[in-house]
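To start, the structure itself, in structure tokens.
Below, read A as the first sequence line, B as the second, and so on, with proteins coming before strands; counting in each chain starts at 1.
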Amino acid sequence: MPELPEVETSRRGIAPWIENQAVTKVVVRDRRLRWPVSEEVDRNLEGQTIDSIRRRAKYLLFETGTGTMMMHLGMSGSVRIIEVGEPPMKHDHVDIHLASGKALRFRDPRRFGSLIWAENPREHALIRDLGPEPLSDDFNGDYLRERASGRKVSIKQFIMNAHIVVGVGNIYASESLHMAGIHPNRPAGRISEARYERLAGCIRKVLAAAIEAGGTTLRDFTGSDGQPGYFAHHLNVYGHAGAPCPGCGAPIRQRVIGQRASYFCPACQR
DNA sequence: ACTGGCACCTGGGCGC
DNA sequence: TGCGCCCAGGTGCCAG
């Protein structure tokens with residue numbers, strides 16, 4: 001489920017329920033996530049108040065006075081607010097009980113997600129060297145062109161590299177490149193400044209629109225469950241192999257780039 | 001420094 | 001119904 005827009009939507013959805021709430025108890029049913037959940041996480045979180053929840057890249061940062069819990073949703077993770085006592089389903093690995101009587105429930109069938117405690121997350125090895133946020137001013141055509149200089153990787157793999165720019169997942173990489181008219185297989189080092197300027201704008205636009213769509217569709221996900229595929233509606237190429245390109249009508253093609261399915265229009269993307 | 005490939009794990013959908 | 005196969009929204013790590 002989680003691309004940057006869903007992580008951001010999750011953050012906005014749960015923030016009102018957990019900000020300024022004391023953590024009364026942490027229940028970890030299964031510590032086997034991408035990395036084993038350290039007992040440091042429950043030990044440090046219990047008794048603390050969650051001052052705020054922020055996002056950096058696809059990490060949700062639960063900030064307390066003594067440190068931060070970093071949460072990554074991996075490929076299949078999700079969070080929701082429940083009433084304490086609601087029986088856990090399979091894959092509901094962690095509950096964080098709040099003074100209000102509600103709890104934050106973390107679910108992750110594939111267990112690629114992670115929960116990590118960090119005193120200073122900005123300096124944590126997993127976050128320290130990440131690229132800029134795509135919706136920040138640090139992210140622009142100049143920056144992309146500079147980082148791409150001399151590089152032979154495909155532009156699709158390049159923009160999906162979190163050390164270049166964070167938050168561009170497999171879906172939005174295809175969508176952004178289509179909007180920008182750039183072929184996903186083009187070497188990153190062989191794209192003009194002007195086209196990078198355009199690409200940066202398209203990434204920004206696609207992600208911002210998706211956040212907005214997520215915001216409306218997932219508004220009630222604290223009650224029930226989030227609905228996967230809610231933004232399928234807005235996709236122009238991803239998953240649409242064979243369908244006509246919304247721009248020019250040529251059939252959308254699918255090809256594997258960097259071991260990931262990629263979708264593009266062979267006519268309008270160069 | 002870069003690059004490509006593999007690994008982690010579970011479930012859903014498909015064809016037989 | 002069951003089984004085997006392929007696919008899935010991420011990303012750290014390894015060898016070359």
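- Listed for the Asp92(A) side chain is a donor-acceptor partner under 3.5 Å among the backbone atoms of Met89(A).
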Where protein sits on nucleotides 10-15 of chain B, one letter per nucleotide: B base, S sugar-phosphate only, - none, heavy atoms under 4.0 Å:
BS----
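- Within the model, atoms NE2 of His72(A) and CE of Met70(A) stand 9.0 Å from one another, a figure rounded to the nearest 0.5 Å.
- Taking atom NZ of Lys152(A) as the reference point, atom P of dA1(B) lies 17 Å away to the nearest angstrom.
- Atom CD1 of Ile81(A) sits about 6.0 Å away from atom CD1 of Ile14(A), to the nearest 0.5 Å.
- Listed nucleotides dT3(B), dG4(B), dA8(C) differ in distance to Tyr238(A); the shortest reach to its side chain belongs to dA8(C).
- Spacing between atom CZ of Phe158(A) and atom P of dA1(B) amounts to 16 Å, rounded to whole angstrom units.
- With dG9(C), dC2(B), dA8(C) as the candidates, the nucleotide lying closest to the side chain of Ala261(A) is dA8(C).
- A donor-acceptor pair under 3.5 Å is formed between the side chain of Asn44(A) and the backbone N or O of Glu40(A).
- With dC6(B), dG10(C), dT3(B) as the choices, the nucleotide that has an atom nearest any side-chain atom of Phe112(A) turns out to be dG10(C).
- When the P atom is compared between dG5(B) and dC7(C), the two are found 16 Å apart, to the nearest whole Å.
- Put simply, CG on Asp108(A) is 13 Å from P on dG10(C), counting in whole angstrom units.
- To the nearest 0.5 Å, the span separating OG on Ser10(A) from CG on Leu73(A) amounts to 6.0 Å.
- Ser262(A) contributes a side-chain N or O that, together with a main-chain N or O of Arg260(A), makes up a donor-acceptor pair within less than 3.5 Å.
- Side-chain atoms of Tyr143(A) come within 3.5 Å of backbone N or O of Ile164(A) as a donor-acceptor pair.
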Side-chain donor-acceptor distances from residues 246-259 of chain A under 3.5 Å, at least two apart:
none

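- Looking at every heavy atom in both residues, Asp108(A) comes nearest to His93(A) through O-NE2, 2.9 Å.
- dG10(C) atom C1' lies 9 Å from atom CD of Glu3(A), rounded to whole Å.
- Nucleotide dG9(C) holds its P atom 19 Å from the CZ atom of Arg107(A), rounded to whole Å.
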For DNA chain B, what string of dots and brackets results from 5' to 3' when Watson-Crick and G-U pairs need both distances under 3.5 Å, crossing pairs get [ ], and pairs with another strand get |?
.|||||||.|||||||
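- On the P atoms, dC3(C) is 23 Å away from dC9(B), given to the nearest whole Å.
- Remark: the backbone N or O of Pro121(A) is not paired with any side-chain donor or acceptor of Thr68(A) at under 3.5 angstrom.
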Residues 198-210 of chain A side chain polar contacts: donor-acceptor under 3.5 Å, at least two apart:
from      : atom 1 : to        : atom 2 : distance (Å)
Arg198(A) : NE     : Ala180(A) : O      : 3.2
Arg198(A) : NH2    : Met179(A) : O      : 3.0
Arg204(A) : NH1    : Ser136(A) : O      : 3.4
Arg204(A) : NH2    : Phe139(A) : O      : 2.5

Output one letter per nucleotide in nucleotides 11-16 of chain C: B when a protein non-hydrogen atom lies under 4.0 Å from the base, S when only the sugar-phosphate is that close, - when neither is.
BB----
Less than 3.5 Å apart, which donor and acceptor atoms pair up between the side chains of residues 236-243 of chain A and the rest of the protein, not counting sequence neighbours?
from      : atom 1 : to        : atom 2 : distance (Å)
His240(A) : ND1    : Asn236(A) : O      : 3.4

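- Straight-line distance from the CG atom of Asn161(A) to the P atom of dA1(B): 14 Å, rounded to whole Å.
- In this model, no side-chain donor or acceptor of Gln259(A) finds a partner on the base of dG4(B) within 3.5 Å.
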